[in-house]
Amino acid sequence: MIRRSRIVSAALSLLVAGGILAVASPASAANLLANPGFETGTLSPWACTGGLGSVVSTPVRSGTKALQGAASASDNAKCAQTVSVQPNTAYVLTGWVRGNYVYLGVTGGASTWTPGAAAFTQLSVSFTTGASQTSVEVYTHGWYGQGTYFADDLSLDGPGGTGVPGVPGTPSAGTITNTSIALSWGASSGTVTGYRVYEGTTVRATVTGTSATISGLAACSAHTYTVAAYNSTGESAKSGAVSATTTGCTSVPPTPGGLAVGAITNTSIALSWNASSGATGYRVYEGTTQVASGTGTSATISGLAACSGHSYTVAAYNASGESAKSGAVSATTTGCTTVPPTPGNLRTTAIANNSVSLAWNASTGATGYKVYEGSTVVATVTGTTATISGLGTCSTHGYQVSATNAAGESAKSGVLSVTTTGCVSTGLPKHALIGYLHASFANGSGYLRMADVPASWDIINLAFGEPTSVTSGDIRFRQCPAAECPGVESEADFIAAIRAKQAQGKKVLISIGGANGQVQLTSTAARDTFVSSVSAIIDKYGLNGLDIDFEGHSLYLNPGDGDFRNPTTPVIVNLISALRTLKSRYGSNFILTMAPETFFVQLGYQFYGGTCSGCDTRAGSYLPVIHALRNDLTVLHVQDYNSGPIMGLDNQYHNMGAADFHIAMTDMLKAGFTVANTGITFPALRQDQIAFGVPAAVSAGGGYTTPAQVQQAVNCLVKNQTCGGYTLRGGTIPDFRGLMTWSINWDKYYGWEFSNSHEPFLNALP
């Protein structure tokens, strides 16, 4: 959402949230980083991901050099250095950065960032090492798709440790002869006694400098080397590898031709191929795995499973090396029976509050059937019916069925979407128009009295109720002051206008949070205060319910909190408890909506804050709240704006501002998705709970989408039309709840383009 005159972007960073331990003796000032200003003209000993780091001469903060990180769509150009430190000691990491979205931090610990700096800006992070910690990795990085950043004059202040040295730079090959290879590498940070050069696990040289020549090698022989630094404490991790081949080679043989399949049994496949000129032998591969070798032009691959498929290639080799692999041949061992066809006509025969009965047509040759919800088998039967029990009232499920026999399992049927009974009428139209009203501030778009809100809006969210402090749980709401909002109505007129809207069948909710309203229910006391203070607002104004618009740092996941079905983080657990209490207090007609950003919902497909290493602990943090309240939730209208690129179920990144983004993000809610690093599927929502949000106008937020593009997305989701090549994984959403926008005020400012375009469109949907 947008607060006052600022457009607040969704938090895009994959930051490391770290606690600060009790500080022992303070650190003495010293810069422990090697090459802190990159004045050597090289990156060493810094290591940058994706080869995206480089040393540049401009812009610089001081000296003549600085770091440039060219973040791409798939790599944030992280540059890191490992330094020896002392246990239980305070340190300060500082650095000067510029560019869009630049981060500075400690792996596994504290971090900070800036969303944009036109000139060099100093960032600072304080932390304390653990009781047995002897090294720390510091880093700086940009953000995916946000372009280049710069860093200079990085400093880690504190006493140096006596831990193992940092990892040396990746070696590079110098002079190569028939029998020797010269190597050099970047120096390690920390105290270094010497370096060991490895070939595999074998030490080939031990030196005190940063170069070595490996001698006594065979002509035309290939070698791969790594380097590790050591001191009295121990040895560093090995560097990246460099490969080189001694000179004196003859020609590599050509690729063998004529690869063909011969005799096949239940457990073996015979292969043959044409001879390759100059070859001394041949290697047979299945994928990248060598499965046979020999000097002849045939091989039999044995020990295979009956009725199993395989694909093979062959390469020739001699002293000069190995040829390219041949084209592949495929074969299946014998012993198969016929896999049954996919069952047809999956259908419901009975639906109750807590169960669904399914039936399907028999599949020829099948000995059994599996019923799936997502990737989970929920029933295994021998007949053509199954009843799935223990379901939630008014909950939506997507089922598929497959047939099995000794030969294997058929493909799954299409998805059948079913909603259990027991749903309570919300009093909303089938397709609703939802908007936020700037009731407590002007935000540059002008104040709009409640009485003047057009009748086209079905849900009006009063923005915002905000806490007295981040962790108090004490929510307050006030009308916009007259000095900021000339023409603001009296409280009595405001309440009377709310009653008039409700008499027309409209729903008026209090929205809690927004960009500036950080709410962290870290204790049960804050939870109880939240319930009482929100109830007081609802009762005072006679509101229909509550909208949760927690943004920023309101929700996060503690490390190890990896099951969204059973969360343990207090801010999550207490919010769930508070919302359940409010729902119970006001009954089944209480309207509960949520407006999370994509970062807190769909990003959970890639990153989940409780389980991912080195990512932002807020990633996917709305998922446990949505899941716990899925039977109480009226509408989920994710903010499809102020968002970075998000991966959809097609495993492609989608960018805001066009129909494609709304289709992909909304389809995830209808289909459900596996939560990253957990193996657990977030189940689909009911159709009538699903909406999405867009800015009302270009000034209202990043990701404005034209009415034509919005309606293209809705037609795809509801009718499977105009999908632009995207395939719906969750099927259509005929009961799609509608559209949300930030905001009603901005819609008025731009001549009511949003409501005039979309209200008749929604009303015309089937």
Side-chain angles (χ1 to χ4, degrees), residues 10 12 72-74 144-145 374 398 400 412 414-415 417 430-434 596-599 601-606 636-674 682 684-685 687-698 700-742 753-766:
L12 300 177
S72 68
S74 59
Y144 304 98
Q400 295 171 280
K412 297 175 186 176
V415 176
S417 183
K430 183 177 181 180
H431 309 296
L433 198 66
I434 305 164
E597 297 161 290
T598 55
F599 184 91
V601 182
Q602 287 92 340
L603 184 64
Y605 178 54
Q606 268 189 294
L636 177 71
H637 36 64
V638 175
Q639 299 179 37
D640 283 2
Y641 50 94
N642 295 337
S643 172
I646 302 291
M647 181 177 286
L649 295 179
D650 55 357
N651 292 325
Q652 302 296 314
Y653 282 100
H654 298 269
N655 296 287
M656 63 180 184
D660 167 76
F661 190 70
H662 305 302
I663 294 169
M665 295 301 98
T666 309
D667 185 41
M668 296 179 77
L669 303 177
K670 175 58 166 60
F673 55 88
T674 302
F682 179 78
L685 293 176
Q687 294 184 37
D688 64 287
Q689 293 174 308
I690 300 173
F692 65 79
V694 292
V698 292
Y704 167 75
T705 310
T706 65
Q709 288 281 298
V710 172
Q711 292 175 15
Q712 176 186 337
V714 174
N715 280 326
C716 171
L717 295 166
V718 174
K719 306 174 184 178
N720 199 22
Q721 299 173 357
T722 67
C723 292
Y726 182 91
T727 300
L728 294 175
R729 272 68 178 175
T732 58
I733 315 176
D735 293 332
F736 174 73
R737 178 56 74 186
L739 297 171
M740 174 274 281
T741 193
W742 179 264
E753 177 191 70
F754 187 92
S755 53
N756 286 344
S757 299
H758 297 314
E759 191 224 4
F761 169 76
L762 291 173
N763 290 342
L765 289 175

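As the structure is a computational prediction, the values presented were derived from the model and not from experiment. Position 1 is the first residue of the sequence, and the numbers go up from there.
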Fill in the blank from the handout: Here the pair of heavy atoms bringing A696 nearest to T741 is N-OG1, 2.9 Å

Side-chain donor-acceptor distances from residues 759-766 under 3.5 Å, at least two apart:
{"from": "N763", "atom 1": "ND2", "to": "E759", "atom 2": "O", "distance (Å)": "3.3"}

Handout entry: Parallel, tilted or perpendicular, as decided by the 30° and 60° cut-offs, for the rings of F692 and H662
Key = parallel

Handout entry: Sub-4.5 Å side-chain heavy-atom contact between P695 and W742
Key = no

Practice task
Would you mind reporting whether F661 and T598 have side-chain heavy atoms less than 4.5 Å apart?
Solution key: yes

Problem - Spacing of CZ belonging to F682 relative to CZ belonging to F673, to within rounding of 0.5 Å - result: 5.5 Å

Problem - Point-to-point distance, once rounded to the nearest 0.5 Å, from CG of L603 to CE of M665 - result: 9.5 Å

Practice task
Please examine the side chains of M668 and L649, heavy atoms only from C-beta on, and report whether any two atoms are closer than 4.5 Å.
Solution key: yes

Exercise for the section: Decide yes or no for Q602 and V638: does some side-chain heavy atom of the first lie under 4.5 Å from some side-chain heavy atom of the second? Expected result: yes

Completion exercise
Note: L433 and S755 closest approach over all heavy atoms is CD2-CB, 3.8 Å

Exercise for the section: Taking T705 for its side chain and G703 for its backbone only, find out whether a donor-acceptor pair lies under 3.5 Å. Expected result: yes

Exercise for the section: Enter the distance from Y641:OH to E597:CD here, rounded to the nearest 0.5 Å. Expected result: 8.0 Å

Practice task
Please test Q652 against M647 for side-chain contact (heavy atoms from CB on, under 4.5 Å), starting from the C-alpha separation and ending with a verdict.
Solution key: CA-CA 5 Å; Q652 302 296 314; M647 181 177 286; over 6 Å; no

Handout entry: Side-chain heavy atoms of D640 within contact of T666, under 4.5 Å
Key = yes

Result block: side-chain N/O donor-acceptor pairs under 3.5 angstrom for residues 726-739, not counting sequence neighbours:
{"from": "Y726", "atom 1": "OH", "to": "D667", "atom 2": "OD2", "distance (Å)": "2.8"}
{"from": "R729", "atom 1": "NH1", "to": "T727", "atom 2": "O", "distance (Å)": "2.6"}
{"from": "D735", "atom 1": "OD1", "to": "K430", "atom 2": "NZ", "distance (Å)": "3.4"}
{"from": "R737", "atom 1": "NE", "to": "D688", "atom 2": "O", "distance (Å)": "2.9"}
{"from": "R737", "atom 1": "NH1", "to": "P429", "atom 2": "O", "distance (Å)": "2.6"}

Distance-only check: which donor-acceptor pairs under 3.5 Å involve side-chain atoms of residues 710-717, not counting sequence neighbours?
{"from": "Q711", "atom 1": "NE2", "to": "S757", "atom 2": "O", "distance (Å)": "3.2"}
{"from": "Q711", "atom 1": "NE2", "to": "H758", "atom 2": "ND1", "distance (Å)": "3.2"}
{"from": "Q712", "atom 1": "OE1", "to": "Q709", "atom 2": "NE2", "distance (Å)": "3.3"}
{"from": "Q712", "atom 1": "NE2", "to": "T722", "atom 2": "O", "distance (Å)": "3.2"}
{"from": "N715", "atom 1": "ND2", "to": "Q711", "atom 2": "O", "distance (Å)": "3.2"}

Problem - Close side-chain approach of Q639 and F599, heavy atoms under 4.5 Å - result: no

Handout entry: Note, Y653 side chain near I646 side chain (heavy atom, < 4.5 Å)
Key = no

